[in-house]
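Hydrogens, waters and symmetry mates play no part in the numbers below; they use all other heavy atoms, side chains included. Counting from 1, the numbers follow the sequence of the chain as shown.
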Amino acid sequence: MCELHCQFEVENFNQCFFSSVDFIPLASMDTVHHMLLFGCQTPVSTHSFCVQGTCEDEPAIMYAWARNAPPTKLPKDVGFKVGRSSGMSYFVLQIHYGDISPFIAGIYLLMSVDTVILPGKRVTDADVACDYTSYPIYPFAFRTHTHRLGKVVSGYRIRDGKWTLIGRQSPQLPQAFYPANKQVNVKYGDTLAARCVFTGEGKTSKTYIGGTSDDEMCNFYIMYYMDSRHAIPYMNCMEMGSEELFQHIPTEANVPIKVSPSHMNSVMHLGQSTDDHDHAVLLDTNKPETVDQDYHFEQVSAWPQSSLQLGQVSGLALDSDSNLVIFHRGDHHWGADSFNNQARYQQRSLGPIQQSAILVVDPSKGSILKASGRNMFFLPHGITTDKENNYWVTDVALHQVLKVSSDGKDRTLMALGEAFIPGSDNNHFCQPTDVAVDTESGNIFVSDGYCNARIIKFSADGKYLSEWGAGISPARIPFQIPHSLVLLPDKKEICVADRENGRIQCFIAETGEFVKEIKKDEFGGEVFAVSYNGLIFAVNGESLSRPVPIRGFVIDYSTKDILDTFSPNKKEFKMPHDIAETRDGSVFVGDASSKSVYKFTTEKLHHSVKKAGIEVQELEGKAVGSLNLGNFFPSHKGYSRQGFDQLSTEGSDQERNDEDSSDSENEEYSALPPPQSSS
């Protein structure tokens, strides 16, 4: 309760007598508990109105009022003496407020926290929804907020399956609170939902939710009032809405509100829906999109600017500067005589690879920036990097996982497994294929491998933590060469290319719990490598049982749909062994058999796009140095892939060609039966 004191100075009066005075209260007991009028010489304050106390000297009560009392009238010729010599130079009115209002206002905020907007993608929806579990609220205003990529933000109440609009606005208009739909109230059991529609067109990198101007935000504010007895001043919702729920969102939520300069000075669409589609493009994501021709992979003919001498390319990675890291075998080859039936390496007499097995390459020019790894490895396989740019590699001959410094000194910082000794216990591997390192926890994941069928998890200091085999989908079929690993940081999952089973399986990284399987006829029974950059990238391999084209795949993680396939133009893939994509959108594939690295990017073909029956004309132009994935991922399969650049050894064209190739020394073999092509 606040005491409000109103001072009235009367010291200019020498002697003042009220001959007739009326006290007329302009108050109600609904808001005011009582009022007192004091006279005094020195008030407590002449500036503040909500203070403790009334007068510095002894106050004299002149009037009191409470509980809707009627006005008071002094008798005729009766008055209070005020003025300089009276001791009362000020009037102080003390008001004790009761409950100001039976209703209290509050804010309910719906916000997305994990939306990723892909570069070039025309439409990305950020959906948020929560069940309401408190006392009734009555929305009276709303506010939308995104940064530059937001097109429209809409908020709804869902009751008994019916969506009722609370408010809808373009976040590019002044972001004030606008009047909400007056017909809406929210009670226990309702659902509050919001959708933000973004576009990634014109962007060359992914955009995340964050606080900087380069990030995005998706906020829908509801200003409401509720009964003061149950008042909650702030509530929020940050849960991602289910795909099933948002299948029923009204079409208006997908209609961007066109913003012109004149609109910036006016208030548009104040919580009202619109049927005026003449000024907006309908972006109804529930309807199919048709694309005449959009983006396709195109060769970067100037890459590399000079040729490199590579052996069998077994692994690709990126360092923290997004440079390409190539792991190759130099003059060593995995052949039929490399291992005996116990998986023991038979060519130790050759010594380690004398060439630099690790090359850091400029992804734009193909020139070598750093070379390391001399006299360290026997048969390299997988490679990754950690946040300190250390290299983590697997060597199938050594049966080890090694952490190697990237400072050029070729220091082994950690070794897991026993050199040249295969095994299947906690301290040994048998031809381990790949390694992944969690940048947050430092945990190490190893796919093991050609002889074993497991994923092993270690702590950052190399302590064994756990291991697991294949997931059940629909039946538990053991791994057959878990060949490639990738961490999905945004999902806290790890996926494995289960090579001979022709599938990708994903697991919760913390527990090893099975999440999903991606298995497609187009893989032909072989998946050699998997990578992730918001979407799944994969390459298959030659299959004798189900011959299919050898190519790369772009796959939607959520739907498991193949969004695109690609392969070189001038030469076919022989044994694509690993895949990596850089921050600027370039994608690289390392081929073990042809001792090559292919680079590809995208180019826009045609600008006519139809969506939900409405044709939109877009600007033509090349996506130079950027992979505008969103522009072709929702489109049709079967693009023509014209020309891939190739990073190869001098004279590699003579090492193997289509007409006279055979199972030469460039192929790898599994050491253990049944016989199968390995790598």
Side-chain angles (χ1 to χ4, degrees), residues 314-317 327 381-384 392-394 396 401 416 424 429-439 441 443-458 464-520 523-533 535-541 543 552-558 560 576-581 589-590 670 676 678-679:
S314 62
L316 299 178
F327 198 29
H381 203 275
I383 187 170
T384 192
W392 290 80
V393 303
T394 64
V396 291
V401 176
L416 301 176
S424 56
F429 306 107
C430 190
Q431 296 175 340
T433 54
D434 204 5
V435 57
V437 180
D438 190 324
T439 56
S441 66
N443 288 338
I444 307 156
F445 300 84
V446 180
S447 49
D448 180 38
Y450 282 92
C451 325
N452 296 321
R454 59 182 179 173
I455 298 172
I456 313 177
K457 179 181 175 182
F458 298 87
Y464 173 89
L465 296 177
S466 63
E467 65 181 76
W468 63 85
I472 301 175
S473 179
R476 186 181 295 279
I477 300 174
F479 289 137
Q480 291 191 57
I481 309 182
H483 196 257
S484 172
L485 290 177
V486 64
L487 281 163
L488 284 56
D490 57 330
K491 303 182 184 302
K492 309 295 184 185
E493 295 176 14
I494 187 165
C495 296
V496 57
D498 186 10
R499 198 182 99 174
E500 299 302 311
N501 281 322
R503 63 187 180 182
I504 299 167
Q505 287 200 332
C506 299
F507 305 84
I508 297 175
E510 180 65 27
T511 63
E513 180 182 351
F514 175 69
V515 176
K516 68 167 56 182
E517 176 178 294
I518 302 173
K519 187 178 177 71
K520 298 290 184 179
F523 295 163
E526 301 253 349
V527 179
F528 269 68
V530 62
S531 186
Y532 179 79
N533 189 21
L535 295 159
I536 295 288
F537 293 80
V539 287
N540 68 340
S543 174
F553 299 87
V554 183
I555 303 167
D556 186 294
Y557 170 87
S558 299
K560 306 181 188 180
H577 202 262
D578 206 358
I579 187 169
E581 60 281 348
V589 175
S670 174
Q676 51 195 346
S678 59
S679 146

Once you round to the nearest 0.5 Å, how far does [atom1] of [X] lie from [atom2] of [Y]?
X	Y	atom1	atom2	result
Glu467	Lys457	CD	NZ	13.0 Å
Arg503	Ile477	CZ	CD1	5.5 Å
Ile444	Trp392	CD1	CH2	3.5 Å

Is the backbone of [Y] close enough, under 3.5 Å, to the side chain of [X] for a donor and an acceptor to pair up by distance?
X	Y	value
Ser447	Leu485	no
Lys560	Lys519	no
His483	Ala497	no
Ser314	Phe327	yes
Asn540	Gly525	no
Asp434	Gly382	no

Task: Side chain proximity check, Lys520 to Phe553, heavy atoms < 4.5 angstrom - done: no
- [ ] With the side chain counted from C-beta on, respond yes when Phe537 and Val554 share a heavy-atom pair under 4.5 Å apart, and no when they do not.
- [x]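 Yes, at least one pair of side-chain atoms sits under 4.5 Å.
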Enumerate donor-acceptor pairs with a distance under 3.5 Å from any side-chain N or O in residues 507-514 to protein atoms, sequence neighbours excluded.
| from | atom 1 | to | atom 2 | distance (Å) |
| --- | --- | --- | --- | --- |
| Thr511 | OG1 | Glu513 | N | 3.2 |

Please name the pair of heavy atoms, one in [X] and one in [Y], separated by the smallest distance, quoted to 0.1 Å.
X	Y	answer
Val530	Cys495	CG1-O, 4.1 Å
Thr433	Gly449	CG2-CA, 4.0 Å
Gln431	Tyr450	OE1-CB, 2.8 Å

Open item on the list: Please enumerate all residues that pass side chain to side chain donor-acceptor pair (under 3.5 Å) together with Thr394, with sequence neighbours excluded.
Closed with: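 With neighbours one apart ignored, the set is empty.
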- [ ] Could you walk me through whether Tyr532 and Glu493 pass side-chain hydrogen bond (donor to acceptor under 3.5 Å, both in side chains), step by step?
- [x] CA-CA 11 Å; Tyr532 179 79; Glu493 295 176 14; over 6 Å; no
